[in-house]
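Everything below concerns the one structure shown next.
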Amino acid sequence: MRQKQVIHKSLPQAGTQKRAWYRRGIYTLLSLVVIGVLWVGYVYWKIEHPVSNPADRADVGIILGASMWGDYPSPGLRERLEHALKEYHEGRFDTFIVSGGLDKPGYTYTEAEGMRNFLVAEGVPEERIVLENAATSTYENLLYSQDIMEKHGWNTAIIITHDYHGTRALEVAKTLGYNQPTISLTKSTVLPMIKHKSREVLAYTKWTADRVLIAIGVL
């Protein structure tokens, strides 16, 4: 009889522990959801409020690549190119670095080559355009462009991209140690902003994690 009493007393205790673990799981899940929502809101706010601070004058203008449509720059990439041309004609820089690798194996031109072709067609002398043909990310765009700048003895750059991309681009440049990096931003009238800003939230989140890994020497 005593043994049965012990068993009957342990059953309510086990049920209480189970409910306690269940509550903890629910609270943990809710906390993660709240943190996630706050993080997305914070990143979206940063995307919506980039610090556009183009220098009056720089050694080069770096155009960050975007997708090609076959042999030609996509409408979004054309917006960056047209904005860069405006800056060039205003005398903010004399030399372009166009940065971007091959979008798809079957394409004829890399992003950089497509941008070069566009600029030449718009009257820019080919000797004023330096190609960076390997990058597949914003980090690589700026890392490989920085190598080109060092080889040519160029010290300052204006980084040209879309406004939704500006915050991350500037943070990458600062992390890489650019000399007083500045960005010049253009708005888009052709890109679906809900899609691109949502992707940028994910890209910025990944970049935040990568920046921590860079700081501790893993990347």
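Computed from a prediction, not measured in an experiment: that's the story for all the values here.
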Count I, L, V, M, F, W, Y as connected when their side-chain heavy atoms are under 4.5 Å apart, and connections chain through other members. Are [X] and [Y] then in the same cluster?
| X | Y | result |
| --- | --- | --- |
| L202 | Y139 | no |
| Y42 | W207 | yes |
| L143 | V218 | yes |
| W39 | Y44 | yes |

**Message:** Checking T95 against W154: is there a side-chain donor and acceptor pair closer than 3.5 Å?
**Reply:** no

**Request:** Kindly give the heavy-atom pair with the smallest separation between M115 and G65, and that separation in Å.
**Result:**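 Nearest heavy atoms, M115 then G65: CE-CA, 3.9 Å.
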
**Non-hydrogen atoms of A112 and N133 that approach each other most closely** =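 Between these two residues, the closest heavy atoms are CB-OD1, 3.3 Å.
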
**Asked** Which one of E111, E126, E132 satisfies the salt bridge (charged side-chain N to carboxylate O under 4.0 Å, His left out) criterion with R116?
**Response** E126

Check whether [X] reaches the backbone of [Y] with its side chain - one donor and one acceptor, N or O, closer than 3.5 Å.
| X | Y | value |
| --- | --- | --- |
| S67 | S74 | no |
| Q146 | L176 | yes |
| T156 | D59 | yes |
| R80 | L64 | yes |

**Asked** How about E48: does its CD atom have over 12 heavy atoms from other parts shown lying under 6.0 Å from it?
**Response** yes

**Request:** Among I183, L185, I47, T138, find the one that has a side-chain contact (heavy atoms from CB on, under 4.5 Å) with H165.
**Result:**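 Single side-chain contact (heavy atoms from CB on, under 4.5 Å) partner of H165 among I183, L185, I47, T138: T138.
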
**Message:** So if I apply the side-chain contact (heavy atoms from CB on, under 4.5 Å) rule between S145 and each of I62, V98, V130, I159, which one comes out positive?
**Reply:**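 Of all the options given, the one that passes is I62.
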
**Prompt:** Between T108 and D71, does a side chain to side chain donor-acceptor pair (under 3.5 Å) hold up when you go through it step by step?
**Reply:** CA-CA 6 Å; T108 305; D71 292 347; 3.3 Å; yes

**Item:** Validation row: F118, E82 side chains within 4.5 angstrom (heavy atoms)
**Value:**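 F118 vs E82: side chains touch.
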
